[in-house]
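Input: a single structure, listed below in structure tokens.
Whatever order the structure lists ligands and atoms in, that order sets their numbers, starting from 1. Given the structure is predicted, the values throughout are model-derived calculations rather than measurements.
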Amino acid sequence: MVLIARSSFFNAQRRAFSSSAATAYKVAVLGAAGGIGQPLSLLLKLNDKVTDLALYDLRGAPGVAADVSHVPANSTVTGYLPADGGLEKALTGADVVVIPAGIPRKPGMTRDDLFNTNASIVRDLAKAVGDYAPKAFTLIISNPVNSTVPIVSEVLKSKGVYDPKRLFGVTTLDVLRASRFISQVKGTKPEDEPVTVVGGHSGVTIVPLISQSNHPDISGETLDALTNRIQFGGDEVVKAKDGAGSATLSMAQAAARFTNSLLTSLSGTPVTEPTFVDSPLFKSEGIEFFASKVTLGPSGAETIHELGAVSEYEEKLIEACKVDLKKNIAKGVAFVEQNP
Ligand code: NAD
Ligand code: LMR
């Protein structure tokens, strides 16, 4: 059970009268006025475990907050800008911090091409998390996730507040895509098609374990095409948006789902979801972070599951994944060393 002091009298009152105090959480969204931030804020407003929604952005957050606050759900929504200590106010008392701040891809770019801009944005926001919400569960959406998560980890380590169980790279969109795409191949319902996706969040580092799905029979060209579509699903959206950004609506749904899984787990009902975490699975090979199924609980990432039996085909995918992932993680770590 997690009980965290609230900053405002209002929230203390709400908590006191709530039937279950452990289901009342403050969630801060950093980058809340962006393409992901806006629909994510709406979806979080609709989550009854969220009682206090703090929306922060360089611009536009108060407008988004005013708009979302009219949705009839009993939570407070406040928008913050950098002026007047807005970031500190947004983060103080936050149980969960979700970070979609940063630029998205345009056609022809890789996620790694975003590194030069997004690394410093994420580093600076991580410093603020370390200062004002050191115990918060922090969910990183900003790309390249394979590098931004290690950046946050290094910053929190430098502040002496790093808890590996509380830091997550959100890879849920890969999981949603896998369910949807396999349902299209098989003519089934996506909600009946759980697919574990492991590794990281870019191109060949995204490894769907189809052999563990309901359809281990998928093979040959169908398996190649399905795997490729899951690995490069992001490119489909980037291409279709034609310069106007990348996935925002499906990503908001994915982040809302992962946030809800975490809040459900904090409230005492464990949920297992794939997510990119500080992981023992391949540390002996110098890979500090890896996405696999993780059972979430009151302390965060409580059990990191082994990959389980994988096919020969998937073994090859995992080998290719590890090569890129190791470089992406090292790049994030080096960035903080060189630009503390
Ligand atoms: P966007 O440009 O629409 O929105 C980004 C927002 O971040 C903007 O409102 C901007 O003002 C804000 N911002 C920038 N610097 C900030 C700072 N220092 N503090 C606070 N806010 C800041 O972009 P988007 O489409 O919402 O995408 C955001 C990020 O999410 C991108 O890096 C994108 O690649 C990534 N993304 C990740 C996934 C995933 O699966 N993890 C999926 C889709 C997109
Ligand atoms: C995605 O998978 O949709 C995101 O990572 C955004 C992108 O750049 O493709």
Side-chain angles (χ1 to χ4, degrees), residues 28-41 54-65 79-83 86-88 90-91 97-129 139-149 151-152 168-178 180-181 197 199-206 208 229-241 243-259 274-276 291 328:
V29 181
L30 311 184
I36 296 166
Q38 293 201 35
L40 174 59
S41 300
L55 306 183
Y56 173 80
D57 203 302
L58 299 181
R59 56 193 75 84
V64 176
Y80 299 95
L81 296 171
L87 184 52
E88 176 176 353
L91 287 171
V97 179
V98 191
I99 307 187
I103 58 164
R105 285 198 285 164
K106 288 190 188 324
M109 292 171 84
T110 66
R111 292 181 184 79
D112 189 55
D113 293 333
L114 304 172
F115 187 95
N116 286 345
T117 305
N118 288 354
S120 52
I121 293 174
V122 171
R123 175 202 58 200
D124 294 345
L125 293 174
K127 286 182 184 174
V129 171
L139 280 46
I140 307 300
I141 295 171
S142 317
N143 272 317
V145 167
N146 295 355
S147 305
T148 51
V149 171
I151 287 173
V152 176
F168 306 90
V170 182
T171 56
T172 319
L173 183 52
D174 303 318
V175 175
L176 298 192
R177 284 182 178 139
R180 178 62 187 133
F181 298 164
V197 184
H201 177 69
S202 71
V204 299
T205 72
I206 298 170
R229 190 167 181 217
I230 295 166
Q231 292 188 316
F232 296 95
D235 298 43
E236 245 179 60
V237 182
V238 170
K239 199 172 162 208
K241 289 201 174 177
S246 56
T248 53
L249 304 172
S250 50
M251 182 59 231
Q253 166 63 14
R257 170 171 142 166
F258 187 76
T259 306
T275 171
F276 185 68
N328 296 158

Checking the side chain of T148 only, and the main-chain atoms of N143 only, is there a donor and an acceptor separated by less than 3.5 Å? no
Which pairs of nitrogen or oxygen atoms, taken one from ligand 1 and one from the protein, are under 3.5 angstrom apart?
from, atom 1, to, atom 2, distance (Å)
ligand 1, 3 (O), G35, N, 2.7
ligand 1, 7 (O), G102, N, 3.4
ligand 1, 9 (O), G34, N, 3.3
ligand 1, 9 (O), D57, OD1, 3.4
ligand 1, 9 (O), D57, OD2, 2.7
ligand 1, 11 (O), D57, OD1, 2.6
ligand 1, 11 (O), R59, NH1, 3.4
ligand 1, 26 (O), G35, N, 3.3
ligand 1, 26 (O), I36, N, 2.9
ligand 1, 32 (O), I103, O, 2.8
ligand 1, 32 (O), N118, ND2, 3.1
ligand 1, 32 (O), N143, N, 3.2
ligand 1, 34 (O), N143, ND2, 2.9
ligand 1, 36 (N), N143, ND2, 3.4
ligand 1, 40 (O), H201, NE2, 3.0
ligand 1, 41 (N), I141, O, 3.1
ligand 1, 41 (N), V170, O, 3.3

Any donor and acceptor pair, going by atom type alone, linking the side chain of T275 with main-chain N or O of V170 inside 3.5 Å? no
Ignoring hydrogens and geometry, is there a side-chain-to-backbone donor-acceptor pair from D174 to Q231 under 3.5 Å? no
Between the main-chain N or O of I99 and the side-chain N or O of S142, is there a donor-acceptor pair closer than 3.5 Å? yes
Using a 3.5 Å cut-off on N/O to N/O, what pairs does ligand 2 make with the protein? A line per pair would be great.
from, atom 1, to, atom 2, distance (Å)
ligand 2, 2 (O), R111, NH2, 2.8
ligand 2, 2 (O), R177, NH1, 2.8
ligand 2, 2 (O), H201, NE2, 3.3
ligand 2, 3 (O), R177, NH1, 3.4
ligand 2, 3 (O), R177, NH2, 2.7
ligand 2, 5 (O), R111, NE, 2.8
ligand 2, 5 (O), R111, NH2, 3.4
ligand 2, 5 (O), N143, ND2, 2.8
ligand 2, 5 (O), H201, NE2, 2.6
ligand 2, 8 (O), R105, NE, 2.6
ligand 2, 8 (O), R105, NH2, 3.4
ligand 2, 9 (O), R105, NE, 3.4
ligand 2, 9 (O), R105, NH2, 2.6
ligand 2, 9 (O), R111, NH2, 3.3

We want to know whether N146 and T205 form a side-chain donor-acceptor pair, criterion being a heavy-atom distance below 3.5 angstrom. yes
If you count every heavy atom of other residues, nucleotides or ligands that lies below 6.0 Å from K127 atom NZ, does the total exceed 12? yes
Inter-residue atom distance I36.CD1 - L249.CG, 0.5 Å rounding: 9.5 Å
Do P82 and L87 make a side-chain contact, defined as non-hydrogen atoms from C-beta onward lying under 4.5 Å apart? no
Euclidean distance, I230 CD1 relative to L176 CG, rounded to 0.5 Å: 11.5 Å
